[in-house]
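Small disclaimer: the values here were computed from a predicted structure and weren't measured.
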Amino acid sequence: MTSKAQSSEAHETTDHNVIRKWAEERGGKPATVKATEEDGHAGILRIDFDPPDEALDRISWDEFFKKFDDSGIAFLHQDRTKDGKLSRFHKFVRH
């Protein structure tokens, strides 16, 4: 496999530093889906990119990672697209 092909593959992690670095390199901010918040606690997690999505509330990285750890999920992400561009593909998966 070429390095370009390898970099277009998705990677799964629970490492907070990897997740934060990936998001910040793309201008992403930690967020939660407004409609799923409950009693002041973060709901379904998302990474929000500009322009901000009105359905999301941006939260602190501390709050994001507390919910992330409590939920027992992992972060699936792609570093680059097949044509070598910075990718924003990501999703949260059961770990």
Please report the shortest heavy-atom distance between [X] and [Y], naming the atom on each side.
{"X": "Asp48", "Y": "Ala31", "value": "CB-CB, 3.8 Å"}
{"X": "Ala10", "Y": "Leu76", "value": "CB-CD1, 3.9 Å"}
{"X": "Asp15", "Y": "Asn17", "value": "OD1-N, 2.8 Å"}

How does the hydrophobic cluster around Trp61 look, that is, which other residues are in it when side-chain heavy atoms under 4.5 Å mark a link?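 Cluster partners of Trp61: Ile19, Trp22, Leu45, Ile47, Phe49, Ile59, Phe64, Phe65, Phe68, Ile73, Phe75, Phe92.
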Could you list who else is in Ile44's hydrophobic cluster, with ILVMFWY side chains joined at under 4.5 Å, directly or through other members?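 ILVMFWY cluster around Ile44 also holds Val33, Leu56.
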Can you measure from [atom1] ([X]) to [atom2] ([Y]) and round to the nearest 0.5 angstrom?
{"X": "Glu12", "Y": "Thr14", "atom1": "CD", "atom2": "OG1", "result": "8.0 Å"}
{"X": "Arg94", "Y": "Ser71", "atom1": "CZ", "atom2": "OG", "result": "6.5 Å"}
{"X": "Gln78", "Y": "Arg80", "atom1": "CD", "atom2": "CZ", "result": "10.5 Å"}
{"X": "His95", "Y": "Asp69", "atom1": "NE2", "atom2": "CG", "result": "10.5 Å"}

Can you establish whether the number of heavy atoms outside [X] located under 6.0 Å from its atom [atom1] is more than 12?
{"X": "Glu25", "atom1": "CD", "result": "yes"}
{"X": "Lys34", "atom1": "NZ", "result": "yes"}
{"X": "Glu54", "atom1": "CD", "result": "no"}

Testing the 3.5 Å rule here: is there a donor-acceptor pair between the side chains of Ser60 and Asp62?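 Ser60 vs Asp62: no donor-acceptor pair found between side chains.
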Exactly one of Lys29, Arg58, Arg26 should register a salt bridge (charged side-chain N to carboxylate O under 4.0 Å, His left out) with Asp50. Which one does?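 With Asp50 as partner, Lys29, Arg58, Arg26 yield a single salt bridge (charged side-chain N to carboxylate O under 4.0 Å, His left out), made by Arg58.
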